[in-house]
2 protein chains.
Amino acid sequence: MSRWPAKVTIKEVGPRDGLQNETAPVATADKIAWINLLSESGLSYIEVTSFVHPKWIPQLADAAEVAAGIRRKDGVTYAALVPNERGLERALAAGIDEVGVFMSASETHNQKNINKTISATFPVLEGVVKTAKQEGKTVRGYVSTVFGCPYEGAVPVDQVLTVADWLFAMGIDELSLGDTIGVATPKQVVDVLAEVLRRFPAGRIAMHFHDTRGTALANILVSMEMGITIFDSSLGGLGGCPYAPGASGNVATDDFVYMLHGMGIETGIDMERLTKAALFIRDKIGRPLSSRYLQTISSSTEKDM
Amino acid sequence: MSRWPAKVTIKEVGPRDGLQNETAPVATADKIAWINLLSESGLSYIEVTSFVHPKWIPQLADAAEVAAGIRRKDGVTYAALVPNERGLERALAAGIDEVGVFMSASETHNQKNINKTISATFPVLEGVVKTAKQEGKTVRGYVSTVFGCPYEGAVPVDQVLTVADWLFAMGIDELSLGDTIGVATPKQVVDVLAEVLRRFPAGRIAMHFHDTRGTALANILVSMEMGITIFDSSLGGLGGCPYAPGASGNVATDDFVYMLHGMGIETGIDMERLTKAALFIRDKIGRPLSSRYLQTISSSTEKDM
C-alpha cells in the first residue's frame, strides 16, 4: 500500500511554538524536565526554544539556560529559532544542533512578526544562514501564513514560491510551510503543494499545521499522499502565534501519533511515554490542553502514570 | 476535479445524539427554538429526537412535545430514532418523516445499549421497519461500534457486514456506519469501506464519525474519496453515547462545513446561520462546546449575532 508513507518524521515544536504563546510563564526547570521527557519518548527532533530578544517573547527569555540544562540524547536533534546574527551567536554558544530562520509569505504578518518588510528580511536571513552553515549547522527555513494571513486574508501561492526560492537559494536544508492561523483545507493544501513540489523535492519540505478549525489531520493526510513525510506538531496542541489573532494551537503531537500508529505508519515514538510528557506539561500549564487524545486518557490512565 | 464530491449531504444529529448525552437537561422550548434555527440554516436533514423509553434516556423524554412544537420547513427531513414498535407508534403519531433503527456490530455494546443480544434485536427491528414502510416512511439503519467497541476492542468487519446485510434485507433505505467511540483512523476507514462498498452502493451508505481522538475530518476525507456523500454530524461537537465510556462528541457540523466550503464542496448550508444556531445551544448548555471552529468566532463575531 503506497498511498501513505511507511514512516513519518515528527518535529516537536511545543517547547518553542507552544510555550511562546502561553501567558503564564513556565519555570525554566519545568521546561528542562519536559524536554527531557520528550527526549525519552522517541522523538528524533525537538525545537527547544527561540533566541529572539526577550523584549519580543519574554516567555523564552531563558533560551540559553534551557539549552544548557537539557539532557541531550543521542540521535535527537535539538533545534532553535534565531531571528538574526545576534540570536545565532547565542544559539551557537548554546550548542544548538540546527538553526531555524523564519519569515512570512504575507507582507503585513512579516512586518508585525519581525518588524521588517519581506525584502528587508532576506539579507538578514542570508547572513544568518551563511554563518550557520560555516559553523557546520543545518538550517531550517519557516514560512508563515502560507495558507492565509490574519491581516491580508488569502495569500497568493506566488508569494509562497518567491519566499521559498529565496530561502533555498540562501542554502537552507529544509523548508517548513506554516498554516499559522489554521485556515487551510485539504483542497488548498493539494493546490499549494502541487506548485511547491514542482520546484522542490518532497524530502526537503515539511508541513506545519495549526488545528484552529479542526482541519489539521485532514491536511496532513493529503500532504502525506503527495509525498510529504516531515510534519511539525506540538504536544497536547499547545501553541499558536502571538502576532496572529485567533490562532489557537498547533496540531497536537498526540492526536497525530494516534492517527499515524492506527494507520501502521512508523514514528519511532512510544505513545505511553509521549502521554506522560503531555500530562507533565498540562499540569505545569494548569489548564486542559486542546489535544483530543489527551482528553480520552485523562480520567482513566492518568492516575497510573 | 473528481477526487472529492461536488456536493455533500449533512445529517444533523445534534438534537438527538448531542442532547441525549448532556447531563443537564435542556428545556423543551429551547430544543424547539434550536431546531427551528437549524431548519433556517440550510440543513436538509435533522434528527430531532429519539422515541426510546424515558427510563433509558430521560433527556429525550419530551420527544413528542419537541416533534409537535417545531416549525417544519419545506425540504427538510425531520427524523427520529425508534427502538421498537412502541417507539414507532409514538414517532408516527408525532408525524416524523423518517425513522431510524439502531443496533451495534459488537455483541457487548448491543446488549448494554439496547438490552438484547444481536440475534434477538433483528426480529424487533424487522417489525419496526415493516410497519414504518407500510406507513410510507423511509427508514434509516444505524450500526454502532463499527470501528471499535468500548468493551470488546477491535470489531471484525464480518460482524459489520452481517448486521448490514440483515438491515438492508429488512428494507432500510440507508445505512449509517458509526464510529461510536471515535477510534477510527483513515486506513481502517478505507479497509472497512472497501468491504462494505463491495456489497452496497455508496449512495446508500452514510458515515457517522466521532471526533474523540481528532481523526474525524481525516476519516471523512477518505470516505469522500471512496464515493460517500452522506455524513452525520452534530453542531458544536455535542454528543456521544451514554453507554460508551470515554466517547466524546460527534464530529462538529461547523468544523465539517468549514472544511467542505473551503474545498468548494456544496452543502446548502449558510455558515452564518449555522454559527448562530451553535452559539444559541452553547449558551443553553452553559459550557464551551468541543467544536474548533466555534472557538475562533466566540470572541470576535459573537457580539454581533
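Every chain is numbered from 1 and lettered A, B, ... according to where its sequence line falls, protein lines coming before strand lines.
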- Item | Any pair counted as side chain to side chain donor-acceptor pair (under 3.5 Å), so long as it reaches residues 218-230 of chain B, sequence neighbours left out | A:R3-B:E225, B:R3-B:E225, B:W4-B:E225, B:T215-B:N219
- Under a 4.5 Å heavy-atom cutoff, which of A:P186, A:S291, A:A252, A:A216 has the most pairs with chain B? A:P186
- Query: Where on B:V183 is there a heavy atom nearer than 4.5 Å to chain A: the side chain, the backbone, both, or neither?
  - Reply: both
- Message: Salt bridge check, B:R292 against A:D211: does any charged N sit closer than 4.0 Å to a carboxylate O?
- Response: yes
- Task: Output the distance between atom OG1 (B:T212) and atom CD (A:Q295), rounded to the nearest 0.5 Å.
- Result: 10.0 Å
- Results of side-chain hydrogen bond (donor to acceptor under 3.5 Å, both in side chains) for A:T267 - residues two or more places apart only: A:H261
- Query: Nearest 0.5 Å, what's the OH-CZ distance between B:Y293 and A:R213?
  - Reply: 7.5 Å
- Under 4.5 Å to a heavy atom of chain A? For B:L221 that would be side chain
